[in-house]
Amino acid sequence: MQERKITLSEKEIPRQWYNVVADMPNQPSPPLHPGTKQPIGPEDLAPLFPMPLIEQEVSTERWIDIPEEVLDVLALWRPTPLYRAYSLEKALGTPAKIFYKYEGVSPAGSHKTNTSIPQAYYNKISGTKRISSETGAGQWGSALSFACARFSLECTVYMVKVSYEQKPYRRSMIETWGAEVFPSPTDRTQAGQKIIAESPNSTGSLGIAISEAVEDAATHNDTKYALGSVLNHVLLHQTVIGLETKKQLEKAGEKADILIGACGGGSNFAGLAFPFVADKLAGENLRMIGVEPSACPTLTRGTYAYDFGDTVGLTPLVQMYTLGSSFVPPGIHAGGLRYHGESPLVSQLVHEKIFEAQAYHQNEVFKSAVLFAKTEGIIPAPESAHAVKSAVEEALRCKKDGKGETIVFNLSGHGHFDMASYDAYLGGSLKDYSLDDKLLDSSISKIPEV
Ligand SMILES: *Cc1c(COP(=O)(O)O)cnc(C)c1O
């Protein structure tokens with residue numbers, strides 16, 4: 001312990017999280033009760049989350065202290081490196097400078113441990129015995145399983161079936177850290193049974209798995225639920241990424257013109273971008289871009305409305321960009337980006353034109369990922385590869401315009417468990433999905449009236 005304290009004091013890890021709500025031009029609209037559609041209070045969330053996390057969820061304080069016990073674990077891999085992508089710049093022949101913050105150095109291989117650790121910690125000190133959650137590609141499930149192991153909690157993971165089958169080693173990883181994991185939809189919950197009855201061959205979706213995990217927590221007294229993205233407290237925990245990046249850029253004498261992150265629920269993009277929002281509002285010329293798959297185009301083709309976070313309608317209604325909670329995205333390989341909604345905070349900042357959004361097809365995304373792997377060495381997670389693609393596009397635009405802008409993107413994780421996706425890309429069997437408007441209109445038309 002003493003030894004760790006010494007290393008910790010030498011490490012440049014932020015000691016506080018940054019809460020963007022304190023600096024947003026407009027306050028976020030409140031979540032609504034799924035039944036009454038009235039604004040909910042902290043006590044309505046108490047069956048699902050421990051009180052310290054609920055307090056963070058509704059907090060308007062600008063800075064929130066990171067507990068020592070959490071810093072102790074974060075210090076295992078933080079601060080994460082900020083690299084300059086010299087070889088990629090050279091390959092593109094761009095006058096732009098490209099930097100990337102590499103979150104793949106965490107034990108689970110992605111940024112998700114930045115929030116799984118504090119979530120497990122606050123559950124532990126609040127008396128929780130078990131945490132239930134969902135996972136798409138398996139990154140959140142493995143990050144949470146690791147965190148539960150560190151804080152001696154039991155853990156149950158509902159893993160989207162298509163990923164459970166595509167990524168058996170993510171499952172093994174989740175089990176190695178001690179959690180139990182089930183392919184969702186399961187017959188263990190009423191939500192899962194309902195989906196199986198309607199579509200027996202369902203390959204699952206994040207929305208369905210969330211319904212199952214929420215039901216599990218709501219029906220067991222010793223169990224709480226944890227979400228790996230979307231919610232305010234999750235985005236808060238991820239701000240260590242942007243806070244570190246800010247310092248690292250300062251040290252290097254650089255200033256970002258563009259910040260980029262892949263967007264599933266919005267947490268890694270928010271983690272990078274939120275600490276820069278106040279600078280932009282103060283007049284700095286800074287673009288912040290969230291990047292999503294064209295097959296699940298929440299920010300670029302969704303509608304800004306109150307909707308459920310899950311498929312069955314158990315979660316509170318939140319105002320966000322959504323494709324409709326009944327939308328089941330095609331089985332693209334960036335499993336972590338297959339979500340019908342988007343964080344309310346990120347959605348609001350996109351809606352207010354403080355953030356931008358872009359969408360790309362998976363073949364062009366993998367093409368950039370392979371270029372990045374060949375030049376910079378790291379094989380990106382398919383999710384992170386969306387940020388790579390956007391950075392490449394922006395760097396090529398700089399080349400055309402003869403502009404030496406500074407581009408910083410978040411490389412949210414490595415792709416070592418996603419080599420089947422690379423196989424599919426390299427073998428030419430990866431399909432691009434162009435969603436037609438009718439399909440989107442149909443799920444968007446089912447969004448509840450409030
Ligand atoms: C989960 C995940 C994402 C998408 O989730 P966000 O909440 O939008 O960050 C992106 N990249 C990686 C590596 C992930 O594991």
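Every number for a ligand or one of its atoms is a count from 1 in the order of the listing. Everything numeric here is computed off the predicted structure, so don't read it as measured data.
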Check whether [X] reaches the backbone of [Y] with its side chain - one donor and one acceptor, N or O, closer than 3.5 Å.
| X | Y | value |
| --- | --- | --- |
| Asn19 | Ser59 | yes |
| Gln319 | Pro30 | no |
| Glu134 | Leu206 | no |
| Ser126 | Thr128 | no |
| Lys124 | Ser152 | yes |

Are [X] and [Y] close enough for a salt bridge, meaning some N to O gap below 4.0 Å?
| X | Y | result |
| --- | --- | --- |
| Glu250 | Lys246 | no |
| Arg188 | Glu212 | no |
| Glu103 | Arg78 | yes |

Identify, by atom number and element, the atoms of ligand 1 in contact range of [X], meaning under 4.0 Å from any of its heavy atoms.
| X | value |
| --- | --- |
| Cys263 | 8 (O) |
| Gly413 | 13 (C) |
| His111 | 2 (C), 3 (C), 9 (O), 10 (C), 11 (N), 12 (C), 14 (C) |
| Ser384 | 13 (C) |
| Leu337 | 4 (C) |
| Asn268 | 6 (P), 8 (O), 9 (O), 10 (C) |

Decide whether an N or O pair under 3.5 Å exists between [X] and ligand 1.
| X | result |
| --- | --- |
| Gly228 | no |
| Ala381 | no |
| Gly264 | yes |
| Ser412 | yes |

Quiz item: Does even one non-hydrogen atom of Glu103 get within less than 4.0 Å of ligand 1?
Solution: no
Quiz prompt | Among Lys112, Gln139, Glu383, Glu342, closest by any non-hydrogen atom to atom 1 (C) of ligand 1 | solution =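 Closest candidate by heavy-atom distance is Lys112.
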Exercise. Name the option, out of Ser229, Ala385, Gly109, that contains the heavy atom nearest to atom 7 (O) of ligand 1.
Key: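 Closest candidate by heavy-atom distance is Ser229.
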Where's the contact between [X] and ligand 1, heavy-atom distance under 4.0 Å: side chain, backbone, both or neither?
| X | result |
| --- | --- |
| Val234 | neither |
| Ser267 | both |
| Gln238 | neither |

Self-check item: Check: Tyr425 ring centroid to His333 ring centroid under 6.0 Å
Solution: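 Centroid separation for Tyr425 and His333: 6.0 Å or greater.
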Practice problem: Nearest 0.5 Å please: distance from the NZ atom of Lys112 over to the OG atom of Ser142. | Solution: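 Answer for the NZ-OG pair, Lys112 versus Ser142, is 8.5 Å.
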